[in-house]
There are 2 protein chains.
Amino acid sequence: MANIKDVARYANVSVTTVSRVLNGHPYVTNEKREAVEEAMEALHYRQNMNAIHLSKGKTRLLGVVIPFVDHPYFSLLLNGMSKEALHQEHTLVLIQTNYDAMKELEALEMLKYKQIDGLIIASRSNTWDVVEGYTEFGPIVVCEDRSSDVVSSVSIRHYDAFYEGMQHLIEKGHQKIGFCIARKTGTNSQLRYQGYRDTLHTIQADYKEEWIFSNCLSIEDGERVVDAYQSLDDKPTALLVTSDQVAAGIRMECQKRNIAVPEELAILGFDNHPIARALDLSTIELPLHEVGRKLVTSALDGNRTIYTQYGFSLIERGSV
Amino acid sequence: MANIKDVARYANVSVTTVSRVLNGHPYVTNEKREAVEEAMEALHYRQNMNAIHLSKGKTRLLGVVIPFVDHPYFSLLLNGMSKEALHQEHTLVLIQTNYDAMKELEALEMLKYKQIDGLIIASRSNTWDVVEGYTEFGPIVVCEDRSSDVVSSVSIRHYDAFYEGMQHLIEKGHQKIGFCIARKTGTNSQLRYQGYRDTLHTIQADYKEEWIFSNCLSIEDGERVVDAYQSLDDKPTALLVTSDQVAAGIRMECQKRNIAVPEELAILGFDNHPIARALDLSTIELPLHEVGRKLVTSALDGNRTIYTQYGFSLIERGSV
DNA sequence: TTGTAAGCGTTATCAA
DNA sequence: TTGATAACGCTTACAA
């Protein structure tokens with residue numbers, strides 16, 4: 001592998017000059033620039049990233065704290081991130097936490113000890129204080145609605161999305177509405193919960209603790225929900241479900257048990273995953289790919305802290 | 001950030017000694033070792049990976065050529081790889097190709113120019129010759145059945161899996177069997193095709209070009225298959241489908257169109273994805289997580305070229 | 001068993 | 001507009 005010295009020798013200039021053309025710095029005559037470019041071509045020169053990183057004190061590595069990669073919500077997010085990272089010539093370091101706060105802390109420590117240039121937290125497990133304590137070591141961006149002076153935030157209007165979803169169900173005549181959520185804690189989950197409560201309040205509708213199903217992530221969880229639903233004395237007539245995977249599980253299980261959708265039980269999903277279309281599920285589409293890209297650009301724009309929100313769109317199909 | 005020099009000074013030893021304890025080298029007295037460990041603790045010392053990489057001439061980066069990450073087959077594979085990479089203290093560089101041979105070539109060039117230490121090709125798009133030409137630059141491992149002196153191979157017995165799947169369908173009384181596949185080219189696809197043809201031959205059964213559906217990856221593709229199936233004059237009575245996603249699409253579309261499964265059309269999927277259980281699809285389970293891990297260990301064991309094959313298991317449910 | 005010092009391939013400071 | 005040269009933090013002959 002040819003190095004910068006070889007190029008300099010071949011082009012009859014100093015390494016500094018080579019470095020200058022490499023980095024597009026001024027003060028290089030066209031003549032020399034061309035000589036350098038020729039030399040690089042001839043010697044098949046490629047920069048040694050490690051040397052650059054060492055010299056600059058940067059890693060070009062971006063940590064990504066993510067609970068799982070095999071869930072559509074997160075894999076879409078990851079897709080967006082990886083695309084943008086490639087574009088910006090950074091590589092992503094995957095830190096799968098499974099919502100383990102300790103794993104997440106390890107990622108924060110990586111930032112502290114300069115193992116990575118920045119950290120993206122797709123879903124947070126530690127308290128806000130803990131995370132904020134690490135901002136002095138590098139840019140942190142979270143995927144939740146937080147206005148903070150020190151950590152950037154890229155999120156979706158979960159409150160509004162839930163509110164609109166609820167309105168849609170109410171318009172269709174429902175009053176007794178339950179909902180399914182991944183976990184009870186977490187900013188996004190709480191905003192959704194808030195949206196749920198607030199909407200019910202506007203129509204002075206009933207609210208039952210047992211209509212709220214948590215730990216809903218997968219198709220299997222959807223099946224479990226139907227099981228729990230059937231054992232209820234007072235059943236909701238509609239379900240707002242924060243994942244199409246879960247909604248799919250619910251719909252398929254309803255079919256098995258002869259529960260008519262939407263007549264007996266209406267279902268509104270989230271994400272607009274292909275499975276939703278296949279099962280004719282109404283759903284709320286989220287721009288996860290875009291969010292993923294923005295997370296990366298925000299992390300890379302380390303100087304400013306950025307606050308961004310994305311919208312959503314309701315997709316009406318046959319399950320409501 | 002404390003560096004190795006600081007540690008050496010604090011512990012009253014030379015940097016070499018620190019480096020020795022860091023790397024578990026012999027010839028360090030317990031006394032000094034402890035002093036160094038104390039110093040590292042006290043100063044919150046962390047190694048600078050870039051310096052190590054530069055010094056050793058290694059990147060600790062492993063390229064992963066993968067068509068998509070948002071398909072269960074590949075996301076399971078990726079999960080296994082990322083787990084093992086973490087374990088071995090390497091990071092994965094994702095190169096999503098969407099089966100674009102040029103993108104894959106870029107990855108091979110990264111290997112040539114030492115941007116990565118090794119390359120894993122989860123699904124190959126370039127010709128074998130092209131890939132083999134790059135082995136001199138670093139270890140390459142492919143996820144397909146190839147015995148080669150220079151590139152490692154980790155694969156699943158696709159031929160046997162297909163053969164066994166076919167036997168299962170035949171035992172259930174089927175003679176007219178079609179199949180769905182992602183793409184026609186590719187070693188794995190051809191092995192499957194071979195298994196299909198060979199089994200049909202053993203029972204002297206019919207074989208129809210129009211019973212073979214290619215470009216099948218997603219739920220949508222499954223729906224498309226059912227459409228094509230219905231327009232057939234002479235219809236197969238069973239379908240061997242190389243992805244549970246596609247099988248799910250088929251089954252759901254059959255339901256919409258009142259095609260009885262398995263009476264009218266039997267379906268056997270691949271992967272044993274959760275969706276298969278939910279839809280009561282018989283399927284063939286592949287140890288993708290294990291394969292992913294092995295891909296990484298093989299890539300890291302750069303000295304030897306390794307040839308490994310994994311089995312599979314038939315899971316009987318209600319769709320056959 | 002320990003330490004000195006020469007790389008590894010860049011960038012950046014300073015002087016020319 | 002150019003070029004020496006000193007970092008960057010670590011590993012590894014080689015010497016002691």
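We name chains A, B, ... by the order of the sequence lines, and we start the count at 1 in each one.
In this structure, CZ of Arg9(B) is placed 12 Å from P of dG9(D), rounded to the nearest angstrom. Atom pair Ile4(B):CD1 and dT11(D):P shows a separation of 5 Å (rounding to whole Å applied). Following rounding to the nearest Å, His25(A) (NE2) and dT13(C) (P) show an atom-to-atom distance of 10 Å. Regarding Asn30(B), its CG atom lies at a distance of 15 Å from the C1' atom of dT2(C), rounded to whole Å.
Note on Asn48(A): every side-chain N or O is 4.0 Å or more away from OP1 and OP2 of dG9(C). In this structure, Thr17(B) reaches the dG3(C) phosphate: one of its side-chain N or O atoms is under 4.0 Å from OP1 or OP2. Between Thr16(B) and dT2(C) there is no side-chain polar atom (N or O) within less than 4.0 angstrom of OP1 or OP2.
Near DNA chain C, meaning a heavy atom under 4.0 Å away, the residues from residues 50-63 of chain B are Leu54(B), Ser55(B). DNA chain D is contacted by Tyr45(B) of residues 33-45 of chain B, taking any non-hydrogen atom closer than 4.0 Å.
Counted by atom type alone, Thr17(A) and Ser14(A) present one or more donor-acceptor pairs between their side chains at under 3.5 Å. The closest side-chain donor-acceptor pair between Glu104(B) and Tyr99(B), if any, does not fall under 3.5 angstrom.
The environment of CD in Glu38(A) is sparse: at most 12 heavy-atom neighbours from other residues, nucleotides or ligands sit within 6.0 Å. Within a 6.0 Å sphere centred on NZ of Lys58(B), heavy atoms belonging to other residues, nucleotides or ligands number 12 at most. Annotation for Lys103(B): atom NZ does not count as buried by contact number, only 12 or fewer foreign heavy atoms lying within 6.0 Å.
When the nucleotides dT11(C), dT2(C), dT11(D) are ranked by their closest atom to the side chain of Gln47(B), dT11(D) comes out on top. Comparing dT11(C), dT2(C), dC14(C) against the side chain of Arg20(A) picks out dC14(C) as the nearest.
Judged by closest nucleotide on DNA chain D, Ser14(A) is the one of Met49(B) and Ser14(A) placed further toward the 5' end.
Asn23(A) places a side-chain N or O within 3.5 Å of a backbone atom of Ser19(A) that can act as its donor or acceptor partner. Distance alone, capped at 3.5 Å, is enough to place a donor-acceptor pair between the Thr135(A) side chain and the Glu132(A) backbone. When atom types are taken as modelled, the side chain of Lys114(B) and the backbone of Phe137(B) share a donor-acceptor pair closer than 3.5 angstrom.
If you check distances only, the side chain of Arg46(B) never reaches the base of dG9(D) with a donor-acceptor pair under 3.5 Å.
Counting any heavy atom pair closer than 4.0 Å across all strands shown, Lys5(A) reaches no nucleic acid atom.
Counting only heavy atoms from C-beta outward, the side chains of Asn79(A) and Gln96(B) approach each other to under 4.5 Å.
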